[in-house]
Amino acid sequence: MKKSLLTINKQVIEIVKNIKILEKVSWPEEIEKDFFYNRSRGLKHQISFKYPKFDLREQKQELVKLYSLLSAEDPLSQFTRSTIESYTKSIDMIHAVGTKSFEDLSIEVYGRPSHMLFGSKYSHLETAKIFISSLEDYEHPYMKDIQELTSAKVLQKKLQKDSNKFFGHYAPAVTLSDTLVSKASAGRTSVRLRKGEMFTGYDYGQLLVHEIMTHSLTAINGSLQKRLPLLSMGAPRTTKTQEGLATFSEIITGSLDLSRLKRICLRVIALDMALDGADFYDLFNYFLSHNGGNEKDCYLSASRILRGGYAKGGVSFTKDGVYLEGLIRVHSFFKWAFKTGNLDLVHLLFCGRLDINDIFLLKPALEAGDITAPKFLPTWYTNIDLFAGKLAFSLILNGIDLDLVEKHFSTKILKFAA
């Protein structure tokens, strides 16, 4: 029996809605408690646990059947096929947890630090190291930033108020979670904050634009698509673009502080260490040496990289490498779109959760009315003149030779010091 594209979309959503790889590969919560209990007593805790087994073969078979019903020519069907294929790889990863195959699949989906960065002569790893070394140049010698801390419960209320005001009855519920590895995660119907965490003012701005005004926004817009509701689902293949867009939004709104940028880059370097065989303690100590002593953040950063594997190392989860790559990819796309007059393509980024390459695939569908323009757009994007001014300025700066600038001002310093 022939099924409509909409029917297939709805069936895929029903199958994959509980295939959440991050939840299935994260370390058990009690491991963190045991680690810090032993550390407080000067003991090196032997981290040991087993992942629960999941059998998703039936779901994979159903997805493969739905895939076979789709045309390879129609753009909406092509998007659906790509999304199905991405979820079948997620299932393969879940089945391969704890083995080298898990890492191989992770690299296939998310890449690795040694891969060349989009539009650059540098690898992800080299770019991260360049950022780390240059960040010291931007530390102000006369000012120390002291951030007042806010509890997760207070931040929850603040973000819920912002979410309600912006989305109305579409607003996701902001809740607290005991099991999050990251500070927050966001979807169409909910935004979760890590319970017990203390947040800074920077965290508030970053979470608002990153989680709510990007991840929740694209999921909500995708769910409103009448013919292609799969645009509401965050398949692994869309992760680079989604995290890149969310991190880019932090930059364009002035929410990305130096410590967060540093943390993103440190994770790329630590990921490369893990792929070379570093164990949990190697990674924990690496983060500790660069983190100013926040042991909980160091634990979470190290365990994130070894999700799907164990403390002894040898199996890594490479997702944390996509933030830097995605950021540069999205930033480059915006600059290209402005420079070449392709702003209509930029608009498609907010229609749902998609990969940047899907924009070119779906443009004819938007023009034909097969998919609809996004209902919600982030404020930084709707203030197009301010946004364009920042991008135009960055294009101008690209042409500045900093070696010549350094030579000029160094001469001035020498002259007045003499």
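Worth saying up front: this structure is predicted, and the values here are computed from it rather than measured.
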Evaluation steps, side chain to side chain donor-acceptor pair (under 3.5 Å), between Ser303 and Glu32: CA-CA 9 Å; Ser303 62; Glu32 179 184 345; over 6 Å; no
Could you tell me whether [X] atom [atom1] has more than 12 heavy atoms of other residues or ligands within 6.0 Å of it?
X	atom1	answer
Gln46	CD	no
Glu14	CD	no
Tyr122	OH	no
Arg188	CZ	no

Audit row: Met93, Ser106, side chain to side chain contact (heavy atoms under 4.5 Å, CB included) steps and yes/no: CA-CA 7 Å; Met93 287 180 70; Ser106 177; 3.8 Å; yes
Output the distance between atom [atom1] ([X]) and atom [atom2] ([Y]), rounded to the nearest 0.5 Å.
X	Y	atom1	atom2	result
Gln59	Phe54	CD	CZ	11.5 Å
Leu361	Asp355	CG	CG	10.5 Å
Thr150	Met198	OG1	CE	6.5 Å
Leu348	Ile356	CG	CD1	11.5 Å
Thr247	Tyr323	OG1	OH	7.0 Å
Ser90	Leu56	OG	CG	10.0 Å

Which word best sums up how the rings of [X] and [Y] line up, parallel for under 30°, tilted for 30 to 60°, or perpendicular for over 60°?
X	Y	value
Trp27	Phe49	tilted
Phe248	Phe334	parallel
His290	Tyr286	tilted

For the pair [X] (side chain) and [Y] (backbone), establish whether a donor and an acceptor sit closer than 3.5 Å, ignoring hydrogens and angles.
X	Y	answer
Arg227	Leu6	no
Ser185	Arg192	no
Ser133	Ile130	yes
Glu197	Ala152	no
Ser86	Ser82	no
Asn221	Lys375	yes
Ser163	Gln160	no
Ser177	Arg194	no
Thr214	Glu211	no
Ser26	Glu23	no

Geometric cation-pi criterion, Arg41 with Tyr37: 6.0 Å, 45°: yes
Indicate the atoms forming the closest heavy-atom contact of [X] with [Y], along with that distance.
X	Y	answer
Gln11	Leu66	OE1-CD2, 3.2 Å
Ile47	Ala311	CB-CB, 3.7 Å
Leu283	Ile305	CD1-CG2, 4.1 Å
Leu362	Leu354	CD1-CD2, 4.0 Å
Leu271	Ser316	CD1-CB, 4.2 Å
Leu180	Ser182	CB-O, 3.4 Å

[X] versus [Y]: any side-chain heavy-atom pair under 4.5 Å?
X	Y	result
Glu250	Leu327	no
Arg307	Asp320	yes
Leu208	Tyr204	yes
Leu275	Arg112	yes
Phe287	Asn294	no
Leu345	Phe333	yes
Lys24	Val97	no
Leu125	Ile269	yes

Side chain to side chain contact (heavy atoms under 4.5 Å, CB included) between Lys226 and Thr372, worked out: CA-CA 8 Å; Lys226 300 298 184 185; Thr372 55; 5.6 Å; no
With sequence neighbours excluded, residues passing side chain to side chain donor-acceptor pair (under 3.5 Å) with Ser332: none
Residue from Tyr381, Tyr170, Phe350 passing ring-ring contact (aromatic ring centres under 6.0 Å, His included) with Phe376: Tyr170
Donor-acceptor pair between Thr80 and Asn9 side chains, under 3.5 angstrom: yes
Pair Ser123-Ser114, side-chain donor/acceptor within less than 3.5 Å: no
Stepwise side chain to side chain contact (heavy atoms under 4.5 Å, CB included) check, His115 with Glu325: CA-CA 10 Å; His115 290 165; Glu325 181 191 2; over 6 Å; no
Salt bridge present between Asp358 and Arg237 (N-O < 4.0 angstrom): yes
Salt bridge Glu103-Lys100, side-chain N to carboxylate O under 4.0 Å: yes
Sole residue of Asn164, Asp162, Val191 in side-chain contact (heavy atoms from CB on, under 4.5 Å) with Val174: Val191
Name of the residue among Val322, Ile359, Leu349 meeting side-chain contact (heavy atoms from CB on, under 4.5 Å) with Thr241: Leu349
Arg39/Tyr299 under side chain to side chain contact (heavy atoms under 4.5 Å, CB included): CA gap, chis, key distance, verdict: CA-CA 11 Å; Arg39 186 169 176 79; Tyr299 170 87; over 6 Å; no
Centroid-centroid under 6.0 Å between Tyr310 and Phe280 rings: no
Name of the residue among Lys158, Lys183, Arg260 meeting salt bridge (charged side-chain N to carboxylate O under 4.0 Å, His left out) with Asp203: Lys183
